[in-house]
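Reading through the structure tokens given below for one structure.
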Amino acid sequence: MIYASYTTADGAPPYDPRMMLKLLLYSYSIGVTSSREMERRCATDVAFRFLSANAAPDYRSIARFRRRHLKALDELFTQVLVLCATAGLLKLGRVALDGTKLRASASRHKAMSYDHMKKKIEQLDAEVREILAEAEAVDREEDEAFGADRRGDEYLPSSPDARRASRRCVRQ
């Protein structure tokens, strides 16, 4: 579904969709929803650098990828969470990624019935939609605060007007 949308060769080649998916899924699973924060972490965080193959996509590319493939991301992220829940790696809000092996303590009382699993999947669907909506809202807020073409961590100009404006922003 994602690869099918890349049939024309307009502009520069896109980042590898597999890399972008890994980056988004990992970011959302640890609570990072801002595209700008993902870009920063691709330069400073070892896990993000590894997942992005040291490519460091800019925040616009990350946001555009998410918007372009929103429906597929919604379904895929839900599938990943259901897989993690089935494997016992998930409690709502957290995904265990460290690979720790623990002794199993399965019981009939803890095992999920099909009906319970359906409810859990619906709950995960709602949570995924909430995460994706939050990511869109955060990007929109940051675009308004910093401007559509600014990351938000650029240096301010050294003019007196700019210094006064920055002091006013800090006071607020």
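The analysis underlying the following values was restricted to heavy atoms, covering all of them including side chains, and did not include hydrogens, waters or symmetry mates.
Residues S29 and F77 approach most closely at N-CZ, 4.3 Å, considering heavy atoms. Summarising the geometry of R36 relative to G147, their closest heavy-atom pair is NH2-O, 3.1 Å, with the distance given to 0.1 Å. A pairwise comparison of heavy atoms in D139 and T33 identifies OD1-O, 4.5 Å as the closest pair. Here the closest non-hydrogen pair linking M19 and L51 is CG-O, 3.3 Å. Between D74 and T78, the shortest heavy-atom contact is O-OG1, 2.9 Å. Closest heavy-atom contact between S61 and Y15: OG-CE1, 3.7 Å.
By the 4.5 Å heavy-atom criterion applied to side chains, E39 and P57 are not counted as neighbours. Residues D125 and R129 form a side-chain contact, since some pair of their non-hydrogen atoms from C-beta on lies under 4.5 Å apart. By the 4.5 Å heavy-atom criterion applied to side chains, F146 and E141 are not counted as neighbours.
When the side chains of ILVMFWY residues are joined at heavy-atom separations under 4.5 Å, either directly or via intervening members, L25 and M38 end up in a single hydrophobic cluster. A single hydrophobic cluster is not seen to contain both Y28 and L83; linkage of ILVMFWY side chains at heavy-atom distances under 4.5 Å, directly or through other members, places them apart. The cluster map of Ile, Leu, Val, Met, Phe, Trp and Tyr, joined by side-chain heavy atoms under 4.5 Å apart, puts V80 and L124 in the same cluster.
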Give the C-alpha distance, both sets of side-chain angles, the deciding distance and a yes or no for side-chain contact (heavy atoms from CB on, under 4.5 Å) between D45 and R40. CA-CA 8 Å; D45 188 306; R40 274 191 285 281; over 6 Å; no
Please determine whether ring pair (Phe, Tyr, Trp, His ring centres under 6.0 Å) holds for the pair F48 and Y26, giving the CA-CA distance in whole Å, both sets of side-chain angles, and the decisive distance to 0.1 Å. CA-CA 8 Å; F48 280 80; Y26 178 69; 5.3 Å; yes
Decide side-chain contact (heavy atoms from CB on, under 4.5 Å) for F65 and L21; before the verdict, give the C-alpha distance in whole Å, the side-chain angles of both, and the deciding distance to 0.1 Å. CA-CA 9 Å; F65 182 84; L21 280 171; 4.2 Å; yes
Could you walk me through whether M20 and D16 pass side-chain contact (heavy atoms from CB on, under 4.5 Å), step by step? CA-CA 6 Å; M20 296 294 274; D16 183 9; over 6 Å; no
Determine, stepwise, if the pair R140 / E144 fulfils salt bridge (Lys or Arg N to Asp or Glu O under 4.0 Å). CA-CA 6 Å; R140 225 179 293 118; E144 288 174 15; over 6 Å; no
Please walk me through it: do E37 and R41 pass salt bridge (Lys or Arg N to Asp or Glu O under 4.0 Å)? CA-CA 6 Å; E37 180 62 22; R41 291 207 182 183; 2.9 Å; yes
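Separation of atoms NZ (K120) and CD (Q123) is listed at 5.5 Å; rounding is to 0.5 Å. Taking OG of S27 as the reference point, atom CD1 of I62 lies at 7.0 Å (rounded to 0.5 Å). Distance check, rounded to the nearest 0.5 Å: CG of D143 to OG of S35 gives 8.5 Å. The distance from atom NE2 of H69 to atom CZ of R64, rounded to the nearest 0.5 Å, is 12.5 Å.
A salt bridge between R66 and E136 is present, with a side-chain N of the basic residue lying under 4.0 Å from a carboxylate O of the acidic one.
Among L132, L73, V32, the single residue meeting the side chain to side chain contact (heavy atoms under 4.5 Å, CB included) criterion with L24 is L73.
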